[in-house]
Participant: 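I have a structure I would like to understand better, so I am pasting it below and will then ask my questions one at a time.
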Amino acid sequence: MTRRRVAVVGGGSSGLACIKSCLDEGLDPVCFESSNDIGGLWRFKENPESDRASIYHSVIINTSKEVMCFSDFPIPAHFPNYMHNSLIMDYFRMYADHFQLTKHVRLNTKVLQVKQRTDFSRSGQWDVETENKEGKREKHIFDAVMICIGHHCIPNLPLHDFPGIDAFTGKYFHSRDYKTPEEWRNKKVIVIGIGNSGGDIAVELSRVTKQLYLSTRRGAWILNRVGDNGLPLDLAFTRLASYLQKILPFSYTCSWFEGRLNKRFDHALYNLKPKHRVFNQHPTLNDELPNRILSGTVQVKPNIRCFKGSTVEFDDGSVVKDVDLVVFATGYRFSYPFLGSHVVSVSDNKASLFKYMFPPELDRPTLAFIGLVQPLGAIMPISELQSRWATRVFKGCAKLPSTAAMLQDIQYKEKAMAQRYVTSSRHTIQVDFVPYMDEIADMIGVRPKILRMLLTEPRLALHVLLGPCTPYQYRLNGPGKWAGARQAIFTQWERVTKPMQTRPDKIIVYFKNCEFVTLCTFVDILYVLLLYCVSGVIWGFICLSTSQITFL
């Protein structure tokens with residue numbers, strides 16, 4: 001029987017995961033990558049390419065290696081917990097070589113068009129037209145298509161919101177075009193936007209500029225990569241913490257977390273405190289920004305009112321003269337020009353997709369979008385889970401709900417997102433890391449069975465429940481089960497500590513496996529529950545007293 005052919009559009013981290021999942025399910029993948037190498041967003045290039053993601057030279061990822069790795073291929077123990085983009089590329093190449101993925105990738109091949117065949121309602125097949133670097137065009141027939149181009153391709157440059165920018169005598173560009181700081185030594189620079197890119201670029205430029213101004217409309221809550229006891233912050237986001245966040249009142253979890261952030265530095269004092277709560281916006285991770293503000297090399301300013309030559313006026317009436325550069329760290333837009341609007345339409349960075357993956361009204365579920373999410377965590381394990389589910393749907397091993405049920409789920413998520421997040425184009429594809437992965441894992445049948453583990457293997461269950469939610473948890477059972485998953489979970493703390501223990505004669509063992517971290521996390525959880533219970537008791541006394549007074 002002929003193996004089903006699957007077109008994978010894009011050779012970044014999501015594309016590699018798709019190739020691997022296709023091979024695991026006995027499908028025949030062909031990956032079309034428009035550039036000359038794999039890696040997508042994480043491959044640094046001096047000159048940005050049109051309609052492609054681009055990073056600056058110093059970029060370090062915001063998620064730690066144990067949380068961001070592929071679920072059956074741990075990142076080497078000696079790699080640092082937060083990796084430079086060059087090391088991420090090394091890891092991708094190791095992954096591709098180990099599973100022999102590169103032979104399925106066609107480099108320098110752009111996808112021009114993806115459209116349904118005339119018999120799509122019966123066959124579910126797609127016509128895919130491509131063009132190589134010599135300009136030669138080819139037409140292919142595929143049984144399914146996976147779109148993996150991400151959402152960092154088209155810069156969002158809202159110049160219409162900045163009167164006078166056309167007459168600005170300095171230079172301006174999008175953060176996508178920023179590479180290194182040296183050109184701007186002893187210059188005055190304004191960075192617009194306080195997302196992760198805006199914060200990182202502001203910090204880096206402030207080391208060489210005469211003065212750096214960071215302009216933000218709303219402010220932001222700033223998280224630290226370095227968490228308690230010097231461990232990566234995201235290792236504290238456990239499965240138990242995720243459960244508690246669901247059951248505790250939203251205001252309590254926000255207040256507790258904001259209190260923790262303000263202990264590091266008072267956001268109001270630093271002119272950064274937003275009106276919204278910490279979980280109402282995608283947070284900004286930056287270890288150095290408070291230090292740069294404290295030293296005066298970064299000044300936080302409100303939104304820009306207008307440009308006048310080389311002078312910039314802000315909403316508070318303050319003025320900065322002789323500005324040399326403005327960097328717009330104002331995010332990205334996504335679109336799919338090779339797909340017909342009747343297949344999927346994108347408006348204001350919104351696309352109507354079931355679980356952010358499947359167009360709900362196709363006759364056949366043979367098209368999936370992989371990695372089109374903005375998680376509060378790592379994208380790699382999410383893309384991998386999505387690709388595992390999609391390939392099983394393509395094979396017929398898993399079925400999607402009815403069109404009505406999918407549309408209902410989409411509307412529910414849109415409503416929930418609108419209620420929780422401040423209005424912004426960056427929040428249209430927002431997901432919570434653990435809940436969303438569990439949601440997809442349920443569709444595949446690979447969600448960890450913690451209650452069963454508590455009875456059969458309590459030590460593993462405690463690691464899964466109280467330890468960091470690492471991707472290996474989704475290889476413990478079900479389709480795609482990996483024999484090494486259990487051992488990977490038990491040894492994850494060894495890989496966390498390994499790159500920091502670089503003085504063999506002075507090694508200090510801070511904890512054995514996850515006991516120390518679990519204790520800290522458990523104490524924090526008890527503290528929150530105690531506050532919740534105490535406040536409930538106080539409120540009960542108030543209600544009781546009030547009722548007695550009323551009765552008298």
Participant: Between Phe334, Tyr336, Phe354, which is the residue that forms a ring pair (Phe, Tyr, Trp, His ring centres under 6.0 Å) with Phe369?
Facilitator: Tyr336
Participant: For the residue pair Gln386 and Tyr436, confirm or rule out a side-chain donor-acceptor distance under 3.5 Å.
Facilitator: yes
Participant: State whether the side chain of Ser71 and the backbone N or O of Tyr474 hold a donor-acceptor pair below 3.5 Å, judged by distance alone.
Facilitator: no
Participant: Given side-chain hydrogen bond (donor to acceptor under 3.5 Å, both in side chains), test Ser64 with Asp234 step by step and report yes or no.
Facilitator: CA-CA 7 Å; Ser64 64; Asp234 54 7; 2.7 Å; yes
Participant: Any luck finding a side-chain donor-acceptor pair between Ser13 and Trp42 under 3.5 Å?
Facilitator: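 Trp42 and Ser13 do not have a side-chain donor-acceptor pair below 3.5 Å.
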Participant: Test: salt bridge (Lys or Arg N to Asp or Glu O under 4.0 Å). Region: residues 462-476. Which pairs qualify, not counting sequence neighbours?
Facilitator: Asp72-Arg475, Glu384-Arg475
Participant: Any Lys/Arg nitrogen of Asp37 or Arg93 sitting under 4.0 Å from an Asp/Glu carboxylate oxygen of the other?
Facilitator: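 Salt bridge between Asp37 and Arg93, a charged N being under 4.0 Å from a carboxylate O: yes.
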Participant: Within the supplied structure, the quantity of interest is the number of heavy atoms (other residues, nucleotides, ligands) at a distance under 6.0 Å from Arg452 CZ; does it exceed 12?
Facilitator: no
Participant: Tell me whether the centres of the aromatic rings in Phe328 and His174 are closer together than 6.0 Å.
Facilitator: no
Participant: Given salt bridge (Lys or Arg N to Asp or Glu O under 4.0 Å), test Asp409 with Lys355 step by step and report yes or no.
Facilitator: CA-CA 8 Å; Asp409 184 81; Lys355 306 296 185 191; 3.3 Å; yes
Participant: Using every non-hydrogen atom in the two residues, find where Ser175 and Ile201 come nearest and quote the distance to one decimal.
Facilitator: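 Between these two residues, the closest heavy atoms are CB-CD1, 3.6 Å.
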Participant: Relative to each other, are the rings of His267 and Trp221 parallel, tilted or perpendicular (30° and 60° limits)?
Facilitator: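 Tilted.
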Participant: List the steps, then state whether ring-ring contact (aromatic ring centres under 6.0 Å, His included) holds for His151 with Tyr332.
Facilitator: CA-CA 7 Å; His151 51 91; Tyr332 294 84; 8.4 Å; no
Participant: Enter the distance from Cys254:SG to Gln245:CD here, rounded to the nearest 0.5 Å.
Facilitator: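 Between Cys254 SG and Gln245 CD, I get 8.0 Å after rounding to 0.5 Å.
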Participant: Quick check for you: to the nearest 0.5 Å, what is the distance between Tyr95 atom OH and His98 atom NE2?
Facilitator: 9.5 Å
Participant: Do Phe490 and His463 make the cut of ring centroids closer than 6.0 angstrom?
Facilitator: yes
Participant: Evaluate Leu261 against Val278 for side-chain contact (heavy atoms from CB on, under 4.5 Å), listing each step before the verdict.
Facilitator: CA-CA 9 Å; Leu261 297 180; Val278 64; 3.9 Å; yes
Participant: Are side-chain N/O atoms of Arg420 and Asn280 paired as donor and acceptor at under 3.5 Å?
Facilitator: no
Participant: Look at atom CD of Glu457 and say whether more than 12 heavy atoms of other residues, nucleotides or ligands are closer to it than 6.0 Å.
Facilitator: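 More than 12 within 6.0 Å, yes.
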Participant: About how many Å separate CZ of Phe250 and OG of Ser255, when rounded to the nearest 0.5 Å?
Facilitator: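 The CZ atom of Phe250 is 9.5 Å from OG of Ser255, to the nearest 0.5 Å.
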Participant: Got a second to check how far Ile75's CD1 is from Gln492's CD, nearest 0.5 Å?
Facilitator: 12.5 Å
Participant: Quick one: does any side-chain atom of Ser383 pair with a main-chain N or O of Ile370 as donor and acceptor, under 3.5 Å?
Facilitator: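 No; zero donor-acceptor contacts below 3.5 Å.
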Participant: Can you see whether Asn196 engages Asn286 through a side-chain donor-acceptor pair at a distance of less than 3.5 angstrom?
Facilitator: no
Participant: Nearest heavy-atom pair of Ser21 and Ser387: which atoms, and what distance?
Facilitator: OG-OG, 2.8 Å
Participant: Please give me the minimum heavy-atom distance between Leu465 and Ile450, naming the atom from each residue.
Facilitator: CD1-CD1, 4.2 Å
Participant: Counting distance only, does the side-chain N/O of Thr497 pair as donor-acceptor with the main-chain N or O of Trp493 below 3.5 Å?
Facilitator: yes
Participant: Verify side-chain hydrogen bond (donor to acceptor under 3.5 Å, both in side chains) between Glu66 and Tyr472, making sure each step is shown before the conclusion.
Facilitator: CA-CA 9 Å; Glu66 285 301 297; Tyr472 321 120; 2.8 Å; yes
Participant: In Å, rounded to the nearest 0.5 Å, how long is the span from CG of Leu272 to CG of Leu289?
Facilitator: 6.0 Å
Participant: Under a 3.5 Å threshold, yes or no: a donor from one side chain and an acceptor from the other, between Glu33 and Ser35?
Facilitator: yes
Participant: Would Arg5 and Asp143 pass as an ion pair if we require N to O under 4.0 Å?
Facilitator: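 So Arg5 does not pair with Asp143 through a salt bridge.
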Participant: Is the charged tip of Arg364 near the ring of Phe394: under 6.0 Å from the six-membered ring centre and within 45° of its axis?
Facilitator: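 Cation-pi check for Arg364 and Phe394: fails.
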Participant: Determine, step by step, whether His282 and Leu376 satisfy the side-chain contact (heavy atoms from CB on, under 4.5 Å) criterion, reporting the C-alpha distance in whole Å, the side-chain angles of both residues, the deciding distance to 0.1 Å, and the verdict.
Facilitator: CA-CA 7 Å; His282 190 86; Leu376 296 171; 3.6 Å; yes
Participant: For Phe79, is the NZ or CZ atom of Lys65 found under 6.0 angstrom from the centre of its six-membered ring and inside 45 degrees of the ring axis?
Facilitator: no
Participant: Does any donor atom in the side chain of His342 or Gln116 lie under 3.5 Å from an acceptor atom in the other side chain?
Facilitator: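 Gln116 and His342 do have a side-chain donor-acceptor pair below 3.5 Å.
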Participant: Assess the residue pair Lys413 and Glu439 against the criterion (salt bridge (Lys or Arg N to Asp or Glu O under 4.0 Å)); give the C-alpha distance rounded to whole Å, side-chain angles, the decisive distance to 0.1 Å, and a yes or no.
Facilitator: CA-CA 13 Å; Lys413 281 182 166 51; Glu439 206 173 333; 2.7 Å; yes
Participant: Between His276 and Gly219, what is the shortest heavy-atom contact and its length?
Facilitator: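 Closest pair (atom of His276, atom of Gly219, distance): CE1-O, 4.3 Å.
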Participant: Which atom names give the shortest non-hydrogen contact between Pro155 and Cys153, and what distance separates them?
Facilitator: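 Minimum heavy-atom contact is CD-O, 3.5 Å.
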Participant: Return the NE2 to CZ distance between His104 and Phe99, rounded to the nearest 0.5 Å.
Facilitator: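 Spacing of NE2 (His104) from CZ (Phe99) equals 12.5 Å.
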Participant: Donor-acceptor pair, Arg388 side chain versus Pro479 backbone, under 3.5 Å?
Facilitator: yes
Participant: Test side-chain contact (heavy atoms from CB on, under 4.5 Å) on Lys115 and Trp126; report intermediate values, then the result.
Facilitator: CA-CA 6 Å; Lys115 65 178 182 179; Trp126 299 82; 5.5 Å; no
Participant: Within the side chain of Tyr82, is there an N or O that forms a donor-acceptor pair under 3.5 Å with the backbone of Arg225?
Facilitator: yes
Participant: State, to 0.1 Å, how close Tyr91 and Pro76 come at their nearest heavy-atom pair, and which atoms those are.
Facilitator: CD1-CD, 4.4 Å
Participant: Mark yes or no for whether Arg459, through its side chain, and Leu454, through its backbone, hold a donor-acceptor pair below 3.5 Å.
Facilitator: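 Here the side-chain-to-backbone pair does not exist.
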Participant: Is a side-chain donor or acceptor of Asn85 paired with a backbone partner of Val59 at a separation under 3.5 angstrom?
Facilitator: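 Side chain of Asn85 to backbone of Val59: a pair is present.
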Participant: Please lay out, stage by stage, how Glu494 and Thr491 fare under the test side-chain contact (heavy atoms from CB on, under 4.5 Å).
Facilitator: CA-CA 5 Å; Glu494 295 173 17; Thr491 56; 4.1 Å; yes
Participant: Going by atom types only, do Glu361 and Thr403 share a side-chain donor-acceptor pair under 3.5 Å?
Facilitator: no
Participant: With no hydrogens and no angle check, is any side-chain donor or acceptor of Thr366 less than 3.5 Å from a backbone partner on Gly124?
Facilitator: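 Present.
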